[in-house]
**Q** 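I'd like to ask you about the structure that follows.
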Amino acid sequence: MRRFLLALLVAAPLSAQQSLDQMIDAEMASLLATYKQLHAAPELSTQEAKTSAYLAAQLRSLGYTVAEKVGKYEDPNATCYGVVAVMKNGAGPTVLVRSDMDALPVTEQTGVVYASQTAGVMHACGHDVHITTLLGTAKMLAQLKSKWHGTVMLVGQPAEEVVKGAEGMLRDDLYSRFGTPTYAIAIHDNAILPAGQIGYCPGYFMASADSVNVTIRGLGGHGASPQSTKDPIVMAAQFINALQTIVSREDSPLDPAVVTVGAIHGGTKRNVIPDEVQLLMTVRTYKPEVRQRVLASIERIAKGVATAAGVPADRMPTMEVLKGESTESTFNDPALTERLAKALGASMGEKNVVKIDPLMVSEDFGRFALGGKIPATMLNVGAVDPARIAAGGRLPSLHSSQFAPVPEPTLRGAVKAMTVAVMELLR
Ligand SMILES: [Zn+2]
Ligand SMILES: [Zn+2]
């Protein structure tokens with residue numbers, strides 16, 4: 001009898017697990033068709049009209065209550081194509097599951113038969129994987145309704161690549177209209193992990209991003225009469241060199257930060273000293289206090305260089321942080337992340353759920369956490385053929401024209417992970 005009971009206890013979760021695998025198997029052909037259709041028809045950030053309409057229609061057909069065009073951009077004439085789909089299923093927490101929807105201005109060179117049909121636009125970040133995963137998870141959760149309690153809130157977010165979509169949806173009273181989530185989760189494909197493997201990273205996962213413009217202003221004149229000018233090109237050179245000490249000397253080695261000057265514009269002719277030089281920069285950090293300090297240092301150094309050069313007070317450098325192109329860091333709530341990693345390990349096998357390193361790239365998913373008020377975490381799903389990883393050599397990164405997730409194992413892992421994650425939080 002005892003042996004029988006033990007066998008039952010061991011067998012119960014296993015058979016439940018097999019049934020989720022079987023459910024995903026039954027859906028796989030349809031998920032692959034959806035993925036390929038989305039991949040062939042990418043839309044740029046803020047222009048996700050067809051993608052969002054498709055997502056909304058599919059979610060509606062699965063029994064979700066769906067709202068479209070949720071979101072407001074700063075420009076009142078721009079349409080924000082946010083989708084919110086809610087399924088209420090008794091008392092319990094609310095779990096927000098987010099997928100981004102936008103593609104990139106990249107000309108696809110993967111050679112896959114379902115390659116982009118839109119010239120110069122490609123799902124090079126795999127947001128088509130995320131949309132398909134959201135749909136697969138939505139279907140699993142609808143079918144498993146007797147096994148969870150609470151509210152599922154699925155979010156199709158536009159304009160992630162320009163970090164405007166999450167902000168836009170929140171500006172449109174997302175939470176007062178549809179409820180404030182207890183947890184927020186998301187998954188992003190990963191260009192170095194084996195397809196279907198899940199990566200998790202407790203704590204800071206992705207950096208904040210600030211787009212900064214600095215204009216070094218001098219006094220222009222003849223290139224052969226430097227004595228009567230204040231040369232902004234020389235100042236710009238000094239400024240760029242001095243910037244290097246922000247990370248190397250001012251910042252703690254334990255606090256990651258990046259200051260990159262990606263573009264410099266100044267001058268028109270070899271014998272003319274220009275009036276000004278513009279520098280376009282990106283700043284990445286994790287901690288908000290480091291972010292503020294680095295931005296303040298950039299401004300201080302720019303002014304210091306100008307002062308040292310004797311620039312008059314009314315020609316001091318100007319600095320602008322582009323609000324619409326900036327976003328905070330993605331902080332994966334450690335307790336939530338560990339809880340999900342444990343649940344995923346139990347259902348997918350511990351070797352398929354691995355801890356991964358944080359990144360200095362950025363995402364606007366962190367906005368949904370409202371500055372740490374809502375525990376949130378973003379998982380990763382590997383998208384790379386394991387044989388290709390084993391062979392060594394260069395793998396195309398996210399945003400590469402050659403980035404081509406292996407669809408079936410990637411979607412299988414992602415749909416299973418997100419379904420198990422939501423079910424864990426709504427047990
Ligand atoms: Zn991207
Ligand atoms: Zn992305």
Side-chain angles (χ1 to χ4, degrees), residues 84 92-100 130 133-134 137 141 148-155 157 160 163 165-167 169-170 174-175 178-190 193 197-209 254-256 284-291 326-348 350 352-382 413-414 416-427:
V84 180
T94 297
V95 179
L96 182 156
V97 186
R98 174 272 212 171
S99 164
D100 36 19
H130 311 162
T133 299
L134 192 73
T137 305
L141 292 171
W148 57 271
H149 304 280
T151 300
V152 174
M153 180 176 168
L154 307 175
V155 170
Q157 183 213 301
E160 184 281 322
V163 295
E167 180 71 36
M169 292 187 81
L170 290 164
L174 178 69
Y175 292 163
F178 302 98
T180 302
T182 323
Y183 307 101
I185 62 174
I187 194 161
H188 201 294
D189 53 4
N190 178 304
L193 285 181
Q197 198 173 82
I198 301 301
Y200 69 98
C201 177
Y204 284 109
F205 181 38
M206 279 190 269
S208 63
L254 302 178
D255 285 329
R284 310 292 171 117
T285 64
Y286 289 134
K287 294 181 183 167
E289 61 270 28
V290 175
R291 182 183 184 186
S326 298
T327 191
E328 62 208 66
S329 53
T330 302
F331 182 78
N332 285 340
D333 181 82
L336 173 65
T337 309
E338 297 287 4
R339 178 178 170 189
L340 294 186
K342 203 172 156 210
L344 295 176
S347 71
M348 302 178 73
E350 264 159 33
N352 294 317
V353 181
V354 297
K355 199 179 246 187
I356 55 174
D357 291 331
L359 307 162
M360 290 312 281
V361 297
S362 304
E363 247 287 345
D364 65 358
F365 170 66
R367 289 289 299 135
F368 290 108
L370 302 183
K373 287 199 194 82
I374 297 166
T377 194
M378 171 173 269
L379 301 168
N380 268 193
V381 60
K416 185 165 183 185
M418 292 312 264
T419 305
V420 169
V422 174
M423 305 263 295
E424 162 68 19
L425 298 174
L426 298 180
R427 274 191 290 184

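All residue numbers in this chain count up from 1 along the given sequence. Just so you know, these numbers come straight off a predicted model, no measurement behind them.
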**Q** Measure the spacing between CD of Glu350 and NZ of Lys342 and express it to the nearest 0.5 Å.
**A**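 Spacing of CD (Glu350) from NZ (Lys342) equals 10.0 Å.
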**Q** Are Ile374 and Tyr175 packed together at the side-chain level, in the sense that at least one heavy-atom pair is separated by less than 4.5 angstrom?
**A**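 Side chain of Ile374 against side chain of Tyr175, heavy atoms only: contact under 4.5 Å found.
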**Q** For a quick test of reading the model, state the closest non-hydrogen atom pair linking Met348 to Gly413 and the distance between them.
**A**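 Taking Met348 first and Gly413 second, the nearest heavy atoms are CE-O, 3.5 Å.
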**Q** Verify, without hydrogens or angle tests, whether Asn332 (side chain) and Phe205 (backbone) share a donor-acceptor contact under 3.5 angstrom.
**A**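 No: the side chain of Asn332 does not pair with the backbone of Phe205.
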**Q** Any idea how Phe331 and Tyr204 line up, ring-wise: parallel (<30°), tilted (30 to 60°), or perpendicular (>60°)?
**A**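 Perpendicular.
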**Q** Determine whether Thr330 and Leu359 make a side-chain contact, defined as any pair of heavy atoms from C-beta on separated by less than 4.5 Å.
**A**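 Thr330 does not reach Leu359 side chain to side chain.
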**Q** In Å and rounded to the nearest 0.5 Å, what is the CD1 to CG distance from Ile356 to Leu193?
**A**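 Spacing of CD1 (Ile356) from CG (Leu193) equals 6.0 Å.
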**Q** Measure from the side-chain N and O atoms of Thr151 to the backbone N and O of Thr94, and report whether any donor-acceptor pair falls under 3.5 Å.
**A**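 Between the backbone of Thr94 and the side chain of Thr151 there is no qualifying donor-acceptor contact (under 3.5 Å).
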**Q** Should Arg98 and Asp364 count as side-chain neighbours, where that means a heavy-atom distance under 4.5 Å?
**A**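 Yes, their side chains come closer than 4.5 Å.
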**Q** Rounded to the nearest 0.5 Å, what separation is found between the CG atom of Asp189 and the OG1 atom of Thr133?
**A**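 The distance works out to 8.5 Å.
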**Q** Given side chains that start at C-beta, do those of Leu426 and Pro93 come closer than 4.5 Å, heavy atoms only?
**A**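 Yes, their side chains come closer than 4.5 Å.
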**Q** Rounded to the nearest 0.5 Å, what separates atom NZ in Lys373 from atom OG1 in Thr180?
**A**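 These two atoms lie 10.0 Å from each other.
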**Q** List the steps, then state whether side-chain contact (heavy atoms from CB on, under 4.5 Å) holds for Ile198 with Ile187.
**A** CA-CA 9 Å; Ile198 301 301; Ile187 194 161; 4.2 Å; yes
**Q** Mind listing the closest non-hydrogen atom pair of Gly371 and Glu328 along with its distance?
**A**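 That would be N-OE2, 4.0 Å.
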**Q** Of the options Ile185, Leu154, Leu141, which is the one that meets Val95 in a side-chain contact (heavy atoms from CB on, under 4.5 Å)?
**A**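 Only one of Ile185, Leu154, Leu141 forms a side-chain contact (heavy atoms from CB on, under 4.5 Å) with Val95, namely Ile185.
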**Q** I want to check something: taking the side chain as every heavy atom from C-beta on, are Asn190 and His188 in contact at a cut-off of under 4.5 Å?
**A**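 A side-chain contact is absent here, since even the closest heavy-atom pair is not under 4.5 Å.
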**Q** Find the distance between CG (Leu170) and CG (Leu370) and round it off to the nearest 0.5 Å.
**A**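 Going from CG on Leu170 over to CG on Leu370, the span is 6.0 Å.
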**Q** Once side-chain hydrogen bond (donor to acceptor under 3.5 Å, both in side chains) is applied, do any residues pair with Glu424, and if so which ones, sequence neighbours excluded?
**A**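 With neighbours one apart ignored, the set is Arg339, Arg427.
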**Q** Applying side-chain hydrogen bond (donor to acceptor under 3.5 Å, both in side chains), name anything that partners Thr137, two or more places apart in sequence or on another chain.
**A**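 For Thr137, no residue satisfies side-chain hydrogen bond (donor to acceptor under 3.5 Å, both in side chains) once neighbours in sequence are set aside.
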**Q** Between atom CD of Gln157 and atom CD of Glu363, what is the distance when rounded to the nearest 0.5 Å?
**A**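 Rounded to the nearest 0.5 Å, the CD-CD separation comes to 7.5 Å.
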**Q** Ignoring hydrogens and angles, state whether a donor on the side chain of Ser362 or Arg284 is under 3.5 Å from an acceptor on the partner side chain.
**A**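 Yes, side-chain donor-acceptor contact under 3.5 Å.
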**Q** Can you list the steps and then say if Phe368 with Met378 is a side-chain contact (heavy atoms from CB on, under 4.5 Å)?
**A** CA-CA 11 Å; Phe368 290 108; Met378 171 173 269; over 6 Å; no
**Q** Taking the side chain as C-beta and beyond, is there a heavy-atom pair between Leu379 and Leu344 under 4.5 Å?
**A**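 Yes; the side chains approach each other to less than 4.5 Å.
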**Q** What's the shortest heavy-atom distance between Ala376 and Ala369, and which atoms?
**A**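 Minimum heavy-atom contact is CB-CB, 4.0 Å.
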**Q** Run the side-chain contact (heavy atoms from CB on, under 4.5 Å) check on Met153 and Leu174 step by step: do they pass?
**A** CA-CA 11 Å; Met153 180 176 168; Leu174 178 69; 4.1 Å; yes
**Q** Taking the side chain from Lys416 and the backbone from Ser347, do they hold a donor-acceptor pair closer than 3.5 Å?
**A**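 Checking the backbone N and O of Ser347 against the side chain of Lys416, a donor-acceptor pair under 3.5 Å is found.
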**Q** So Arg367 and Met169, do their side chains get closer than 4.5 Å, heavy atoms only?
**A**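 No, side chains not in contact.
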**Q** Check whether any side-chain heavy atom of Val353 lies under 4.5 Å from a side-chain heavy atom of Tyr200, and answer yes or no.
**A**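 Contact flag for Val353/Tyr200 side chains = yes.
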**Q** Before giving the answer on side-chain contact (heavy atoms from CB on, under 4.5 Å), spell out for Thr327 and Glu160 the whole-Å C-alpha distance, their side-chain angles and the decisive distance to 0.1 Å.
**A** CA-CA 10 Å; Thr327 191; Glu160 184 281 322; over 6 Å; no
